[in-house]
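Reading through the structure tokens given below for one structure.
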Amino acid sequence: MARKFFVGGNFKMNGSISSIKEIVNNLNKAVLDAEVEIVVAPPALYLLLVREHLRSGIEVAAQNVYDKPNGAFTGEISVSQLKDSNITWTILGHSERRTILNETDEVVASKSKYATENGLGVIWCCGESLEEREAGKTIAVVSKQLEALKAQVSDWSRIVIAYEPIWAIGTGKVATTQQAQDVHKAIRDWLRGVSDKVADETRILYGGSVNEKNCGELSKQPDIDGFLVGGASLKPAFVDIINCRK
Ligand code: G3P
């Protein structure tokens, strides 16, 4: 089965009602490549606003979700609340949550298990720090994150993997196409240990300073199946990234 190219926009903790409406309007009037699956992840406060105004055919994702049913969990959002609001995806395990909010591999895996088992798509993020890359530990770090995921998740059909080297996030320092392809290939090889089907069908996105200039070359790599875009997803250039294969 061919893997459908996937472009996600992670707005992080950015935007206001008016700027987010502007992003939505830009997407609504753009001519978008029909061969691309598009998902945008605004801050939680704006999820309903985006879902209400955004054209159908583009899905909306939360940036995080909790791994328990509704109840006494102040500050959290549940999977059923997202589904009730027609929010069909969530990002999980972004490095900013792992490093700043101290989410462990196990916590991220538990959330991924709960979300997938309850019908949400998960953009699951992994990646190494600069220090780990320079020590030659990239594949070991990513494999350890994947092992923790595998220990808990069984439905891989709802998972899209985003490889985001931490040193390339928001720094303007994009991984070279070869660096990205090498890690994506290693992830695909690792997935073969789950099954050939999972390896062949799971989309592996690249994230880290993707923009309208570097996306074309990256998209040509055999194991790069799309992007998770941060800063550039807040700009009109996001449309060019979505359409990078045209
Ligand atoms: O999740 C997307 C991300 O972390 C990359 O951010 O701003 O470097 O595109 P950015």
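The analysis underlying the following values was restricted to heavy atoms, covering all of them including side chains, and did not include hydrogens, waters or symmetry mates. We count ligands from 1, going down the list as the structure has it; atoms in each ligand are counted the same way. No experiment lies behind these values; they were computed from the predicted model shown.
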**Asked** Short list, please: which atoms of ligand 1 are under 4.0 Å from a heavy atom of G170?
**Response** 7 (O), 8 (O), 10 (P)

**Asked** Is the closest basic N to carboxylate O distance between R203 and D223 below 4.0 Å?
**Response** no

**Item:** Ligand-side contact atoms (ligand 1) for residue partner L228, heavy atom cut-off under 4.0 Å
**Value:** 1 (O), 2 (C)

**Prompt:** Around atom NZ of K4, are there more than 12 heavy atoms of other residues, nucleotides or ligands at under 6.0 Å?
**Reply:** yes

**Request:** Can you establish whether the number of heavy atoms outside E35 located under 6.0 Å from its atom CD is more than 12?
**Result:** no

**Message:** I'd like to know if E103 and K111 make a salt bridge, using a cut-off of under 4.0 Å between side-chain N and carboxylate O.
**Reply:** yes

**Asked** What protein heavy atom sits nearest atom 2 (C) of ligand 1, and how far off is it?
**Response** E164 OE2, 3.0 Å

**Fill in**
the protein heavy atom lying closest to atom 7 (O) of ligand 1 turns out to be G231 N, 2.8 Å

**Asked** Under 6.0 Å between ring centres, would you say that holds for F227 and F6?
**Response** no

**Prompt:** Measuring from the heavy atoms of A168, does anything fall under 4.0 Å of ligand 1?
**Reply:** yes

**Prompt:** With a 4.0 Å cut-off on heavy atoms, does G208 reach ligand 1?
**Reply:** yes

**Asked** Should the pair R98-D105 be classified as a salt bridge under the 4.0 Å nitrogen-to-oxygen rule?
**Response** yes

**Request:** For atom 6 (O) of ligand 1, grab the closest protein heavy atom and report residue, atom and distance to one decimal in Å.
**Result:** K12 NZ, 3.3 Å

**Message:** Centre-to-centre under 6.0 Å for Y163 and W124, is that the case here?
**Reply:** no

**Complete:** Looking only at protein heavy atoms, what sits closest to atom 4 (O) of ligand 1 is H94 NE2, 2.7 Å

**Request:** Looking only at protein heavy atoms, identify the closest one to atom 9 (O) of ligand 1 and say how far it is in Å.
**Result:** G230 N, 2.9 Å

**Item:** N10 contact mode with ligand 1 (heavy-atom cut-off under 4.0 Å)
**Value:** side chain

**Message:** Side chains of E59 and T88 only: does a donor on one sit below 3.5 Å from an acceptor on the other?
**Reply:** yes

**Message:** Please list, in number order, the atoms of ligand 1 under 4.0 Å from a heavy atom of S209.
**Reply:** 8 (O), 9 (O), 10 (P)

